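Scroll down for the structure; my scribbles are underneath it.
In this text the structure is predicted, and so the values were computed from the model without any measurement. Here is the naming used below: chain letters follow the sequence lines, and residue numbers restart at 1 for every chain.
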Number of protein chains: 2
Amino acid sequence: MIKVMATGTFDLLHIGHIYFLKEAKKLGDKLIVIVARDSTVRKLKHEPVTPEEMRLQLIKELRIVDEAYLGKKDDMYDIVIDIKPDIIALGYDQIHNEKKINSELTKRNIKSKIVRLSKSKNIEDLDGTRKIISKIISAYEFQKNIEKIEEK
Amino acid sequence: MIKVMATGTFDLLHIGHIYFLKEAKKLGDKLIVIVARDSTVRKLKHEPVTPEEMRLQLIKELRIVDEAYLGKKDDMYDIVIDIKPDIIALGYDQIHNEKKINSELTKRNIKSKIVRLSKSKNIEDLDGTRKIISKIISAYEFQKNIEKIEEK
């Protein structure tokens, strides 16, 4: 049985996430998803909109997901040691450096293979979390401008 | 087999939606979810952040959901005639008026029972779509204010 591990923040779940998880699952038999801790999200990206426990709960509700866990707080490779995945799937837009991961895995004597997935050609414009946030902010700015015009 | 129907917009899927769908499913054996059309959302609430096809796709990915369809464009009761649910589950915050629905069902000779679900005591603050949107806007306003202060 080939175990595939995929990691992500999964803040504001969208079809881009589903595509990533489906492509990851195709690489093996069992999909194990690691949901990034709030503390990790803050370090790497920004303040998460949804807290880690809720992001994990929602991921567990997906048909495609066999198991899901929160990441470890200190060494992000600790969870890889626990799970021993045959494959670690990276999304097309995930910033992780494959060489760096490979060297960290070798140091820890982990034999997982890294697979970088490609971008879907079919995903429409509104797929990413940042795009969703931008759309909400644009709608908000638009509404504020309308209100300003109406006040005049 | 008891067929339960639940309807909603499901824009920015969150744990509150999952709770609603799980409570609905408990009422029977099969959960059929109707995802509101963009045109219906515009009429009743606001411009949806996510287009109808993507909202439907995401709902179909949930383990709890047995079947999912988009609503009908003209008469919202047409889909009820198609599905013939034994039970129609209403979320605690869904604005539908039970008496009105009952009279519309009777007119169409549909015998579905309406069940109004209660609010979860365990859902944390950040559950609703409007709360998610408010949080994004607050973070944006905060960022803009910080930038203004830094410019001075």
Portion of B:L62 that has a non-hydrogen atom of chain A nearer than 4.5 angstrom: both
Is there a path from A:L117 to A:I87 through hydrophobic residues (I, L, V, M, F, W, Y) whose side chains come within less than 4.5 Å of each other? yes
Identify the heavy atoms of A:Q57 and B:I15 that sit nearest to each other, and give their distance. CB-CD1, 3.4 Å
May I ask whether A:V115 and A:I101 are part of the same hydrophobic cluster, defined by side-chain heavy atoms of I, L, V, M, F, W, Y residues being less than 4.5 angstrom apart, directly or through others? no
Taking A:I64, A:I18, A:L13 one by one, which has the highest count of heavy-atom pairs under 4.5 Å against chain B? A:I18
Following the transitive rule for hydrophobic clusters with a side-chain heavy-atom cut-off under 4.5 Å over Ile, Leu, Val, Met, Phe, Trp and Tyr, establish whether A:I34 and A:I2 coincide in one cluster. no
Are more than 12 heavy atoms, taken from residues, nucleotides or ligands other than A:K60, located less than 6.0 Å from that residue's NZ atom? no
Chain B contact via A:L58 - side chain, backbone, both or neither, heavy atoms under 4.5 Å: both
For B:K22, is it the side chain, the backbone, both, or neither that has a heavy atom closer than 4.5 Å to a heavy atom of chain A? side chain
Are A:Y69 and A:I88 linked, directly or through intermediate hydrophobic residues, by side-chain heavy-atom contacts shorter than 4.5 Å (ILVMFWY only)? yes
